[in-house]
Amino acid sequence: MYLSLQNRLVAHVRAFLKQKYEIDLTNIVVEQPPKIEFGEFALPVSFELARTLRKAPRKIADEIVAEMTLPEGFAKFEVAGAGYINARLDRTAAAAMVAGGVKNEAAEARGKVLVEHTSINPNKAAHIGHLRNSILGDTLVRLLRAAGYKVDVQNYIDNTGVQVADVVVGFERMAKKSKEEIEALIAGSEGRFDFYCWDLYARVSQWYEADKANLQARRDTLHLLEVGGNETAEIAQKISMAVLRRHLETMQRLDIEYDFLPQESDILHLHFWARAFELLKEAGVLYFEEEGKNKGCWVMTRPGNVKDEGAEAGPDEDAKVIVRSNGTVGYVGKDIAYHMWKFGLLGLDFGYRKFYEYADGRPVWISCDPKDGEAGAPHFGGVGAIYNVIDARQSDPQETVKQAILLMGHEAEAARYTHFSYEMVALTPRCAMELGYAVSEEDQQRSYIEVSGRKGFGVKADDLLDKLIEAAKSEVDARHAELSEEERREIATQIAIGALRYFMLKFTKQSVIAFDFREALSFEGETGPYVQYAVVRASNIFRKAGVDPEDALKAAIAADAFAGNDDLWSLWLAAGQTAKVIEQCIASTEPAALTKHAFQLAQQFNNFYHKHHILTEEDAGRKALLLATAAVVRKELIATMAVMGIPAPAVM
RNA sequence: GGGAGCGUAGCUCAGUUGGAUAGAGCAUCUGCCUUCUAAGCAGAGGGUCGCAGGUUCGAGUCCUGCCGCUCCUACCA
């Protein structure tokens, strides 16, 4: 509602200014006044016009208000302060829009985009840092879908990298496990093979540190994985696919799903890089360095590092090496090939086969050789816009890939290449010590310590979720003894998901999260359960009243329902802003605003809940209005929570 | 050295493309459960928005310079 009316207002004002002053303002600022008494919209446009018109802002505002007609749905314009133009809505009409769920016209049938997130190295259990990635990514997917985009969700599988090689080294050289023993371990491990790998991976890192000569095992293994067609590569694939399955299961617990899993091994074996290399050379994006420290490498000029015209100071030592002097390609090169495929610029494609299936029967597809692909499989890639949810430490390589695409002349694609960058999740020193890790004196002085899969230092995603469910379960047990064990567990799980997803979303993405159990396990204050609880309270009213919330929304609203009732109206106004918040979140690629919206709405509702006792209201008309208010807030809260992937429990 | 980001209440953080009196949560203190469930509500205290200049009708927000912290910058991935 709010967004539609705001767009209508802006268009109206713009047309008026054009006609009255012959000024075409393309960016008319609209704010929400600090207090509801001032109206629903505030236009500081007079301040901006003051200079060009050489008049006092207040005078301009007076002129505009005196002459401008009211757009549909608006009740009044008035001048306030030093020259603000405040606009008041026809509250009854606007409320009908909220209750009727008027669609955001701009959100009709937008194009197809691709979101890549998660992309955890398949060699160990997912930890809290990965959770932030997946929750941000999944929320971005939900935001885009809510705004009318078609979205393909990809989870990139680096199954031939150093990290997988390391854990393979662990199995072959340290644990001395045969292929059969590893298979038995995958089948056993009580469904937590990734936990076994977590510990083994940490041991391998220690083994390397103990004797640098052990690093030769990594190099040999990495080579075997890249070449393929040997037993080590087979073992690696078994391990990485088993860990990948665990990752999918972990994320499924949080209602996070994927469409396609491209594997790095296929990018290698299908020669994506060879094709990309040709195209990059043809376009002159890569050049062969003849001298300096990068002699013998194929390199690329860094973004913003254009060569000076006059000063010929030898080789560009700052250039990014894409192909090493021994002829092997680094991972950025493979990434460039992969991203050319994403945009459909490579002229090659994967084959597709089913890998995993969700409860509703929807499959997750994985890449393969096209000759092994399933008939009738969908095709991925070749989209117009992409979002890569990758942490801030990878900004540099992400820029390099984007730059390569730009330099090849694909300006439109480069412009729609979004690196959704976010900061890491770290542990507070106190949390690290509680978990039993040794923390140096120096680290104890820091506000946070980076988690490290390599060192086995961190909180595993499944462990955190288990802990949250356990904490929520004891609360539910205490409050709902009448429910079955199964029902209580179901509700505790929903609360845990709400708490976790909200926690990961409430910080803006560029802020480092210093993880602490006390905060993460909190169900009070600005948390997911607080928002869920507001919905439960609203639902309780309808259950006890024996009224369907959908029917409550259909009740006719009296013309004077909101006259002199700012508190009630501000609740409707807040509820009508969901579409606007979603658009803002997409435009700024910042989902944190969603949590703010949900929290404020829940907070206002709790206030309303406390102030008005609906079931005992005797005036039938007033009772209907209060019920409609509860229904509209409930509806918008559930919708907002759904975009955040937070379920609405039946009771709490 | 170069690049990116951060610095706002005791703590953790919000603060839209510059706008009306800088906001939440936690913690502390004071009240409120025979009521639609207190995972809640009401209230109190707590701020030189890192420092110094500048731009303008107006700066937490933009520019410049400092101070402090973090990450990135390897023929690792």
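Numbers restart at 1 for each chain; the letters A, B, ... are given by sequence-line order, proteins then strands. Every heavy atom of this structure was used, including side-chain atoms; hydrogens, water molecules and symmetry mates were not.
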| said: Over all strands shown, is Lys295(A) touching base, sugar-phosphate only, or nothing at heavy-atom distances under 4.0 angstrom? | reply: base
| said: Between Gln263(A) and Tyr156(A), do the side chains contain a donor N or O and an acceptor N or O under 3.5 Å apart? | reply: no
| Nucleotide opposite rU55(B) in a Watson-Crick or G-U pair, distances under 3.5 Å | none
| said: Quick check on rC75(B): is either OP1 or OP2 less than 4.0 Å from any side-chain nitrogen or oxygen of Lys293(A)? | reply: yes
| For rA39(B), does either OP1 or OP2 sit under 4.0 Å from a side-chain N or O belonging to Arg479(A)? | yes
| According to the 5.5 Å centroid and 30° plane-angle thresholds, does Tyr533(A) stack upon the nucleobase of rG40(B)? | no
| Using centres under 5.5 Å plus planes under 30 degrees as the test, is Tyr609(A) stacked with rC36(B)? | yes
| note | Sorted by position of nearest nucleotide on RNA chain B, 5' first, the leading residue of Ser522(A) and Asn540(A) is Ser522(A)
| said: Has Lys506(A) got a side-chain atom pairing as donor or acceptor with Glu526(A)'s backbone, closer than 3.5 angstrom? | reply: yes
Spell out yes or no: do the side chain of [X] and the base of [N] have one donor N/O and one acceptor N/O closer than 3.5 Å?
X         : N       : answer
Asn86(A)  : rA20(B) : yes
Ser325(A) : rC75(B) : yes
Gln584(A) : rU16(B) : yes

